[in-house]
Amino acid sequence: MQLAQSIIADLRRIVGEKNVRTSAEDLIPYSFDGTAALQQMPGCVVFSESTVHVSEVLRVANATRTPVVTRGSGTGLSGGSLPLANCIVLCTVKMDRILEVDRANLTMLVEPGVTTIQIADTATANGLFYPPDPGSMKISTIGGNVAENSGGLRGLKYGVTRNYVMGLEVVLPDGEVMWTGNKCVKDVAGYSMRDLFIGSEGTLGVITKVLLRLIPKPAAKRTMVATFDQMDKAAQTVSAIIAAQIIPCTLEFLDRTTIHCVEDFAKVGLPLNCEALLLMETDGHPAVVAEEAAEMERIARENGSMEVRVAKDDAEAARLATARRSAFSALARVAPTTILEDATVPRSELAKMIRFVENVAKKYKLRIGTFGHMGDGNLHPTFLTDERNKEEMHRVEEAFKEIFAEAVRLGGTITGEHGIGVAKKSFLPDFVGKAQLRVMRELRRVLDPNGILNPGKMFD
Ligand SMILES: Cc1cc2nc3c(=O)[nH]c(=O)nc-3n(C[C@H](O)[C@H](O)[C@H](O)COP(=O)(O)OP(=O)(O)OC[C@H]3O[C@@H](n4cnc5c(N)ncnc54)[C@H](O)[C@@H]3O)c2cc1C
């Protein structure tokens, strides 16, 4: 069954011929996202260029009960922008204008298809700072970041996307356009609808404008790499740094497998003679940075670090950060299928969780590279596997179940930043409980009574 020709004709009338794709070869790139082993051809792909386009497309979809899957760059890791058969994929990448930088109020107004890096670069060009920096920031869109409430390497000190969203323009499933939030630092008028749409994974509305908070740029920064002969020592170092009441902007972790893959891929001179590596960064006032860096180095040595190397200049610091950002791509080169997970625990439980992941890998005879935002307790155990090997994929699934169960048992969560989508859907009901699930379902029914936005995602 295909989308009715009358619907395609309506979509062409709204967004123009050039913005509607229907041929198989044009649809294939939109039939999957960054999540392994998931693919589904959509009915068509529509590129919106304005809020009016989005609104009119949703009106047609709502009237004809046609499912709509909103899509940014498709880098999501939980299948959020995976199409449904015969759905409209509504792609926002052409809505890519930076509409305003307000230096008096420290805000930036952007369209949803602007990439995260463009936002960060524009803030820097104006002497300001936009901290959220997901590993995918060179291509991910701000619409996708808001819809997933994405985190990044600086989440420990600066928080996640939610902490920088002051306002949103959202098109509701029936096509009505709504504004929520404003430039006020304080605003308690009514429910915080803005917060409802952040992290809603394309299920409640289509985000068409984002008003972002910017902050002053830190005056100084210092980047260090500490190596360890045991993972436990790296985990203990993270706990000891936090216990010493130092909040670095970055505390990232790579295990042996990941270090070797990254070095092979990025050739930045990472030390290869260790089991674990911490990338540590502190920023702020120069005097505070110097003091914190010295203290972090001392704590790392005290907890058994083999070597602490301080980046000698900005270029080396940038190379090290780039190396960490390339962890997923580097691991993806060594096996046909790379399944990256998102288990997150309170920081005090990190060492236990890392050990548990290692034991699960041994138990199920699987290859895992683990890296992640260690300062946030957010680990990315990454299975290097082959989706064509059904027996091995079964072991991967069983291993995941054990990892998530342990994360929850330790007081953690089933996803720290990648969202539920389809990948974690089966884990959500038990995790949130009956009452919360009912409220979520009812909220969704009120906003989208015909169930056209991303149906089957997050929960049924
Ligand atoms: C190499 C790599 C590294 C990554 N690193 C990180 C990381 O460090 N931290 C992190 O949090 N994530 C990370 N991710 C995951 C992913 O990049 C983020 O979830 C990102 O925010 C998705 O943006 P996108 O534009 O690709 O959105 P998509 O994948 O296209 O969409 C993601 C979800 O958002 C919805 N959506 C998209 N645009 C809109 C809109 N305008 N309105 C409403 N809903 C919308 C979609 O329906 C879907 O449910 C990484 C992914 C990769 C491949």
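In what follows, residues are counted from 1 in the order of the sequence shown. Just so you know, these numbers come straight off a predicted model, no measurement behind them. FYI, side chains are in, hydrogens and waters are out, and symmetry mates aren't considered; it's all heavy atoms of this structure. Whatever order the structure lists them in is the order used to number ligands and atoms, beginning at 1.
Checked against the 6.0 Å centroid criterion, the rings of Phe383 and Phe400 qualify as a close aromatic pair. Taking the centre of each ring, Tyr158 and Phe129 come in below the 6.0 Å mark.
Summary of contacts: the protein heavy atom closest to atom 28 (P) of ligand 1 is Gly74 N, 3.6 Å. Atom 40 (C) of ligand 1 has as its closest protein heavy atom Thr70 CG2, 3.6 Å. The nearest heavy-atom contact from the protein to atom 34 (O) of ligand 1 is Ala147 CB, 3.2 Å. Taking atom 48 (C) of ligand 1 as the reference point, the nearest protein heavy-atom neighbour is Gly80 C, 3.4 Å. Here the heavy atom of the protein found nearest to atom 25 (O) of ligand 1 is Thr141 OG1, 2.7 Å. Here the protein heavy atom with the shortest distance to atom 11 (O) of ligand 1 is Gly151 N, 3.0 Å. Shortest contact from atom 42 (N) of ligand 1 to any protein heavy atom: Ile207 N, 2.9 Å. Scanning all protein heavy atoms for the shortest distance to atom 1 (C) of ligand 1 gives Phe328 CD2, 3.3 Å.
Other residues, nucleotides and ligands contribute more than 12 heavy atoms inside 6.0 Å of the NZ atom of Lys94. Heavy atoms of other residues, nucleotides or ligands lying less than 6.0 angstrom from CZ of Arg13 number more than 12.
Using a non-hydrogen distance threshold of 4.0 Å, Val69 does not register as a contact of ligand 1.
When only interatomic distances are considered, the shortest N/O to N/O separation between Thr75 and ligand 1 falls below 3.5 Å. Looking at ligand 1, you won't find any N or O of Asp33 less than 3.5 Å from one of its N or O atoms. Checking only distances, Glu201 does come within under 3.5 Å of ligand 1, N or O to N or O. Considering both main-chain and side-chain atoms, Arg71 never comes within under 3.5 Å of ligand 1 through any nitrogen or oxygen pair. Taking distance alone, with nitrogen or oxygen atoms compared against 3.5 Å, Gly76 approaches ligand 1 more closely than that limit. Inclusion of Gly135 in the set of residues having an N or O under 3.5 Å from an N or O of ligand 1 is warranted.
Under the salt bridge (charged side-chain N to carboxylate O under 4.0 Å, His left out) test applied with Asp133, the options Arg324, Arg154, Lys138 reduce to a single match, Arg154. Screening Thr258, Leu277, Asp255, Thr257 against Phe371 for a side-chain contact (heavy atoms from CB on, under 4.5 Å) leaves a single residue, Thr258.
Ligand-side atoms of ligand 1 in range of Gly72: 25 (O), 28 (P), 30 (O), 37 (C), 38 (N), range being under 4.0 angstrom from any heavy atom. In the vicinity of Pro112, heavy-atom distances shorter than 4.0 Å reach the ligand 1 atoms 41 (N). In the vicinity of Gly143, heavy-atom distances shorter than 4.0 Å reach the ligand 1 atoms 38 (N), 39 (C), 41 (N). Remark: ligand 1 atoms within the under-4.0 Å shell around heavy atoms of Ser140 are 20 (C), 23 (O), 25 (O). Taking a cut-off of under 4.0 Å to the non-hydrogen atoms of Gly205, the atoms of ligand 1 that pass are 43 (C).
At a 4.0 Å heavy-atom cut-off, ligand 1 touches Ser81 through backbone and side chain alike. When non-hydrogen atoms are compared, ligand 1 lies under 4.0 Å from the side chain of His418 (C-beta onward) but not from its backbone.
Comparing Glu148, His373, Lys457 against atom 19 (O) of ligand 1, the shortest heavy-atom distance belongs to Glu148. Of the candidates Asn454, Thr115, Asn145, Asp342, Asn145 brings a heavy atom nearest to atom 20 (C) of ligand 1. Scanning Ser136, Ser326, Ser150 for the heavy atom closest to atom 14 (N) of ligand 1 points to Ser136.
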Q.
Using side chain to side chain donor-acceptor pair (under 3.5 Å), reason through Ser48 and Thr92 one step at a time and then give a plain yes or no.
A. CA-CA 6 Å; Ser48 52; Thr92 60; 5.9 Å; no
**Q.** salt bridge (charged side-chain N to carboxylate O under 4.0 Å, His left out) between Asp283 and Arg222, worked out
**A.** CA-CA 6 Å; Asp283 67 359; Arg222 197 163 298 176; over 6 Å; no
Q: Just do the side-chain contact (heavy atoms from CB on, under 4.5 Å) check on Phe404 and Lys424 with the steps written out, would you?
A: CA-CA 10 Å; Phe404 293 136; Lys424 303 275 177 67; 3.1 Å; yes
Q: Starting from the C-alpha separation in whole Å, work towards a yes-or-no answer on salt bridge (charged side-chain N to carboxylate O under 4.0 Å, His left out) for Glu100 and Lys209.
A: CA-CA 11 Å; Glu100 181 194 69; Lys209 286 193 185 76; over 6 Å; no
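Annotation: the span from Glu281 atom CD to Met296 atom CE amounts to 8.5 Å, rounded to 0.5 Å.
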Less than 3.5 Å apart, which donor and acceptor atoms pair up between the side chains of residues 54-62 and the rest of the protein, not counting sequence neighbours?
from	atom 1	to	atom 2	distance (Å)
Ser55	OG	Gly175	O	2.6
Arg59	NH1	Asp174	O	3.4
Asn62	OD1	Asn450	ND2	3.0

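Proximity of Val262 to Ser326: side-chain heavy atoms (C-beta onward) are separated by under 4.5 Å at one or more points. Using a 4.5 Å heavy-atom threshold, the side chains of Leu109 and Val210 count as separate.
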